[in-house]
Amino acid sequence: MGVYRAQLFPRIMDKLMDTEQTREIRARVCSHLSGEVVELGFGTGLNLPHLPSTVTRVRAVEPLGLAIRLAAARIDAASVPVEVVGLDGESLPLDDASADAVLATWTLCSISDPVAAVREVRRVLKPGGRLHFVEHGRAIDAGVRSWQERLNPIQRRLACGCNLTRDIPSLLAAGGMAVDRLSTYFARGEPRPFGATFEGTATTLT
(Lines give C-alpha, C1' and ligand atoms only; values in the text may rest on other atoms or scores of the structure.)
Protein backbone atom coordinates (compact mmCIF):
# COMPACT_ATOMS: atom_id res chain seq x y z
CA MET A 1 0.00 0.00 0.00
CA GLY A 2 1.51 3.31 -1.08
CA VAL A 3 2.21 6.19 1.27
CA TYR A 4 -0.39 8.39 -0.45
CA ARG A 5 -3.19 5.84 0.00
CA ALA A 6 -2.21 4.80 3.49
CA GLN A 7 -1.23 8.15 5.03
CA LEU A 8 -2.60 11.06 3.00
CA PHE A 9 -5.79 9.90 1.32
CA PRO A 10 -7.74 9.21 4.57
CA ARG A 11 -6.92 12.71 5.83
CA ILE A 12 -7.98 14.33 2.55
CA MET A 13 -11.26 12.41 2.44
CA ASP A 14 -12.00 13.22 6.08
CA LYS A 15 -12.13 16.89 5.04
CA LEU A 16 -13.63 16.60 1.55
CA MET A 17 -16.48 14.34 2.63
CA ASP A 18 -17.51 16.40 5.65
CA THR A 19 -19.43 19.30 4.15
CA GLU A 20 -22.85 20.82 4.74
CA GLN A 21 -24.20 18.91 1.74
CA THR A 22 -22.68 15.53 2.64
CA ARG A 23 -23.95 15.89 6.21
CA GLU A 24 -27.47 16.50 4.87
CA ILE A 25 -27.21 13.41 2.69
CA ARG A 26 -25.77 11.25 5.47
CA ALA A 27 -28.61 12.29 7.77
CA ARG A 28 -31.20 11.17 5.20
CA VAL A 29 -29.50 7.88 4.40
CA CYS A 30 -29.07 7.00 8.08
CA SER A 31 -32.48 8.20 9.26
CA HIS A 32 -34.35 4.88 9.17
CA LEU A 33 -31.58 2.55 10.30
CA SER A 34 -32.21 0.31 13.27
CA GLY A 35 -30.73 -2.63 15.13
CA GLU A 36 -27.31 -4.04 14.24
CA VAL A 37 -25.80 -2.18 11.28
CA VAL A 38 -22.85 -3.23 9.14
CA GLU A 39 -21.12 -0.24 7.54
CA LEU A 40 -19.10 -0.85 4.38
CA GLY A 41 -16.36 1.72 3.96
CA PHE A 42 -16.60 3.10 7.49
CA GLY A 43 -13.86 5.62 6.73
CA THR A 44 -13.30 8.14 9.50
CA GLY A 45 -16.70 7.62 11.08
CA LEU A 46 -18.48 10.53 9.45
CA ASN A 47 -21.83 8.73 9.58
CA LEU A 48 -21.74 8.16 13.34
CA PRO A 49 -23.25 11.54 14.36
CA HIS A 50 -26.24 10.86 12.09
CA LEU A 51 -27.25 7.45 13.43
CA PRO A 52 -30.72 7.38 15.01
CA SER A 53 -31.30 6.06 18.52
CA THR A 54 -32.82 2.89 17.03
CA VAL A 55 -29.33 1.64 16.04
CA THR A 56 -27.89 -0.70 18.69
CA ARG A 57 -24.44 -1.49 17.25
CA VAL A 58 -22.23 -0.70 14.26
CA ARG A 59 -19.90 -3.29 12.78
CA ALA A 60 -17.39 -1.37 10.69
CA VAL A 61 -15.59 -2.60 7.58
CA GLU A 62 -12.66 -0.40 6.57
CA PRO A 63 -9.39 -1.27 4.79
CA LEU A 64 -7.34 1.78 5.88
CA GLY A 65 -5.94 1.67 9.40
CA LEU A 66 -5.35 5.43 9.52
CA ALA A 67 -9.03 6.05 8.78
CA ILE A 68 -9.98 4.06 11.88
CA ARG A 69 -7.45 5.97 13.96
CA LEU A 70 -8.81 9.29 12.68
CA ALA A 71 -12.28 8.09 13.64
CA ALA A 72 -11.31 7.52 17.29
CA ALA A 73 -12.91 10.68 18.67
CA ARG A 74 -16.15 10.05 16.75
CA ILE A 75 -16.22 6.44 17.95
CA ASP A 76 -15.71 7.57 21.55
CA ALA A 77 -18.53 10.12 21.19
CA ALA A 78 -20.93 7.73 19.44
CA SER A 79 -24.17 6.75 21.15
CA VAL A 80 -23.70 3.11 20.09
CA PRO A 81 -20.80 0.66 20.32
CA VAL A 82 -18.62 0.39 17.22
CA GLU A 83 -16.75 -2.81 16.41
CA VAL A 84 -14.24 -2.97 13.56
CA VAL A 85 -14.87 -6.39 12.02
CA GLY A 86 -13.07 -6.47 8.69
CA LEU A 87 -11.05 -4.88 5.94
CA ASP A 88 -12.72 -6.11 2.77
CA GLY A 89 -16.31 -5.63 1.65
CA GLU A 90 -15.93 -8.49 -0.83
CA SER A 91 -15.50 -11.04 1.97
CA LEU A 92 -17.24 -10.10 5.20
CA PRO A 93 -16.23 -12.07 8.32
CA LEU A 94 -19.86 -12.19 9.47
CA ASP A 95 -22.48 -14.89 9.80
CA ASP A 96 -25.33 -15.27 7.34
CA ALA A 97 -28.44 -13.24 8.23
CA SER A 98 -26.66 -11.45 11.08
CA ALA A 99 -27.34 -7.78 10.24
CA ASP A 100 -30.54 -5.78 10.46
CA ALA A 101 -29.22 -3.27 7.93
CA VAL A 102 -26.14 -2.41 5.89
CA LEU A 103 -24.94 1.15 5.32
CA ALA A 104 -22.77 2.21 2.37
CA THR A 105 -21.96 5.86 1.66
CA TRP A 106 -19.74 6.59 -1.34
CA THR A 107 -18.21 3.11 -1.09
CA LEU A 108 -19.12 0.91 -4.07
CA CYS A 109 -17.20 3.23 -6.39
CA SER A 110 -13.86 2.02 -5.04
CA ILE A 111 -14.36 -1.65 -4.13
CA SER A 112 -12.48 -3.82 -6.63
CA ASP A 113 -15.40 -6.20 -7.18
CA PRO A 114 -18.57 -4.31 -6.24
CA VAL A 115 -20.90 -7.14 -7.32
CA ALA A 116 -19.12 -9.49 -4.91
CA ALA A 117 -19.55 -6.91 -2.17
CA VAL A 118 -23.28 -6.61 -2.89
CA ARG A 119 -23.60 -10.39 -2.74
CA GLU A 120 -21.97 -10.28 0.68
CA VAL A 121 -24.44 -7.59 1.74
CA ARG A 122 -27.26 -9.87 0.62
CA ARG A 123 -25.77 -12.79 2.55
CA VAL A 124 -25.38 -11.01 5.89
CA LEU A 125 -28.74 -9.21 5.84
CA LYS A 126 -31.56 -10.72 7.84
CA PRO A 127 -34.83 -11.38 5.98
CA GLY A 128 -36.48 -8.00 5.53
CA GLY A 129 -33.21 -6.14 6.10
CA ARG A 130 -32.15 -3.29 3.84
CA LEU A 131 -29.09 -1.75 2.31
CA HIS A 132 -29.11 2.02 2.82
CA PHE A 133 -26.84 3.69 0.29
CA VAL A 134 -25.63 6.81 -1.41
CA GLU A 135 -23.15 6.47 -4.26
CA HIS A 136 -21.83 8.50 -7.13
CA GLY A 137 -21.73 6.77 -10.48
CA ARG A 138 -22.66 6.54 -14.13
CA ALA A 139 -24.86 9.52 -14.98
CA ILE A 140 -28.15 9.20 -16.80
CA ASP A 141 -27.21 12.13 -19.05
CA ALA A 142 -25.22 10.93 -22.10
CA GLY A 143 -23.09 14.05 -22.28
CA VAL A 144 -22.06 13.72 -18.65
CA ARG A 145 -21.29 10.03 -19.17
CA SER A 146 -18.94 10.93 -21.98
CA TRP A 147 -16.96 13.19 -19.67
CA GLN A 148 -16.99 10.54 -16.94
CA GLU A 149 -15.39 8.05 -19.31
CA ARG A 150 -12.68 10.57 -20.22
CA LEU A 151 -11.96 11.50 -16.62
CA ASN A 152 -12.21 8.07 -15.03
CA PRO A 153 -8.55 7.01 -15.53
CA ILE A 154 -7.41 10.20 -13.78
CA GLN A 155 -10.00 9.78 -11.04
CA ARG A 156 -8.88 6.22 -10.37
CA ARG A 157 -5.28 7.34 -9.89
CA LEU A 158 -5.96 10.40 -7.75
CA ALA A 159 -8.76 8.88 -5.65
CA CYS A 160 -7.25 5.46 -4.97
CA GLY A 161 -9.38 3.34 -7.29
CA CYS A 162 -12.57 5.40 -7.16
CA ASN A 163 -14.64 5.04 -10.35
CA LEU A 164 -16.97 7.61 -11.91
CA THR A 165 -18.59 5.18 -14.35
CA ARG A 166 -20.17 2.44 -12.26
CA ASP A 167 -23.86 1.79 -12.94
CA ILE A 168 -25.07 1.60 -9.35
CA PRO A 169 -28.61 0.21 -9.93
CA SER A 170 -27.22 -2.48 -12.25
CA LEU A 171 -24.52 -3.45 -9.75
CA LEU A 172 -27.11 -3.85 -7.01
CA ALA A 173 -29.30 -6.01 -9.22
CA ALA A 174 -26.33 -8.15 -10.29
CA GLY A 175 -25.53 -8.77 -6.63
CA GLY A 176 -29.06 -9.93 -5.85
CA MET A 177 -30.57 -6.76 -4.42
CA ALA A 178 -33.80 -5.04 -5.49
CA VAL A 179 -33.87 -1.25 -5.25
CA ASP A 180 -37.08 -0.21 -3.53
CA ARG A 181 -36.33 3.51 -3.21
CA LEU A 182 -34.05 5.56 -5.45
CA SER A 183 -33.33 9.24 -5.93
CA THR A 184 -30.94 10.37 -8.66
CA TYR A 185 -29.54 13.88 -8.74
CA PHE A 186 -26.43 15.97 -9.29
CA ALA A 187 -24.80 17.06 -6.05
CA ARG A 188 -24.86 20.82 -5.54
CA GLY A 189 -21.72 22.69 -6.45
CA GLU A 190 -19.87 19.71 -7.91
CA PRO A 191 -18.89 19.26 -11.55
CA ARG A 192 -21.51 16.96 -13.03
CA PRO A 193 -19.16 14.10 -13.90
CA PHE A 194 -18.26 13.85 -10.21
CA GLY A 195 -21.66 14.69 -8.76
CA ALA A 196 -24.05 12.17 -10.38
CA THR A 197 -25.60 10.67 -7.26
CA PHE A 198 -27.75 7.63 -6.45
CA GLU A 199 -29.43 7.56 -3.04
CA GLY A 200 -31.87 4.99 -1.73
CA THR A 201 -32.50 1.59 -0.20
CA ALA A 202 -32.47 -1.96 -1.52
CA THR A 203 -33.73 -5.32 -0.29
CA THR A 204 -32.75 -8.88 -1.16
CA LEU A 205 -34.24 -10.41 -4.28
CA THR A 206 -36.36 -13.48 -3.63
Side-chain angles (χ1 to χ4, degrees), residues 10 13 17 25-65 67-68 71 74-75 78-137 160-163 166-183 198-206:
M13 296 308 291
M17 297 306 295
I25 294 169
R26 292 178 193 278
R28 286 198 305 268
V29 173
C30 294
S31 62
H32 296 295
L33 291 168
S34 63
E36 300 220 352
V37 175
V38 173
E39 182 172 357
L40 296 186
F42 179 79
T44 58
L46 292 171
N47 287 322
L48 290 176
H50 305 289
L51 297 178
S53 60
T54 47
V55 174
T56 57
R57 180 167 63 147
V58 173
R59 288 181 283 182
V61 179
E62 173 53 51
L64 299 179
I68 296 296
R74 295 185 181 106
I75 291 172
S79 59
V80 296
V82 177
E83 176 188 3
V84 180
V85 297
L87 305 175
D88 184 1
E90 299 167 37
S91 181
L92 298 176
L94 300 169
D95 293 336
D96 295 356
S98 59
D100 296 297
V102 175
L103 174 63
T105 56
W106 298 284
T107 298
L108 293 175
C109 58
S110 57
I111 293 177
S112 297
D113 188 342
V115 174
V118 175
R119 289 191 183 115
E120 280 291 87
V121 168
R122 185 179 189 276
R123 181 183 66 79
V124 303
L125 275 173
K126 295 177 181 178
R130 279 182 166 78
L131 167 65
H132 296 240
F133 66 89
V134 60
E135 302 286 348
H136 70 117
C160 296
C162 173
N163 290 271
R166 288 186 170 170
D167 185 334
I168 300 304
S170 294
L171 291 177
L172 294 174
M177 301 293 292
V179 174
D180 55 6
R181 183 181 64 80
L182 180 65
S183 297
F198 301 80
E199 177 185 331
T201 57
T203 57
T204 57
L205 289 169
T206 56

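All values derive from a computational prediction rather than experimental measurement. Along the sequence shown, residues are numbered consecutively beginning with 1.
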pair [X]-[Y]: side-chain heavy atoms closer than 4.5 Å:
X      : Y      : answer
Val118 : Leu108 : yes
Phe42  : Ile75  : yes
His136 : Cys162 : yes
Phe133 : Leu182 : yes
Leu33  : Leu51  : yes
Glu39  : Leu103 : yes
Val102 : Leu125 : yes
Val61  : Val85  : yes

Is a donor on one side and an acceptor on the other found under 3.5 Å between the side chain of [X] and the backbone of [Y]?
X      : Y      : value
Thr56  : Gly35  : yes
Glu62  : Gly43  : yes
Arg74  : Thr44  : yes
Arg123 : Leu92  : yes
Asp100 : Val37  : no
Glu90  : Ala116 : no
Thr107 : Thr105 : yes
Arg166 : Pro114 : no

Return the [atom1] to [atom2] distance between [X] and [Y], rounded to the nearest 0.5 Å.
X      : Y      : atom1 : atom2 : value
Leu131 : Thr203 : CG    : OG1   : 9.5 Å
Thr201 : His132 : OG1   : NE2   : 6.0 Å
Asp88  : Glu120 : CG    : CD    : 8.5 Å
Leu46  : Met17  : CG    : CE    : 8.0 Å
Asp167 : Phe198 : CG    : CZ    : 6.5 Å
Ser91  : Asp113 : OG    : CG    : 11.5 Å

### Query
Would you call Arg130 and Asp180 a salt bridge, taking side-chain N to carboxylate O under 4.0 Å as the test?
yes

### Query
Is Glu36 paired with Arg59 through a side-chain N to carboxylate O contact shorter than 4.0 Å?
yes

Which heavy atom of [X] sits nearest to which heavy atom of [Y], and what is that distance?
X      : Y      : answer
Ala78  : Leu48  : CB-CD1, 4.3 Å
Cys30  : Pro52  : O-CD, 3.1 Å
Ser110 : Cys160 : CB-O, 4.4 Å
Ser34  : Ala101 : O-CB, 4.4 Å

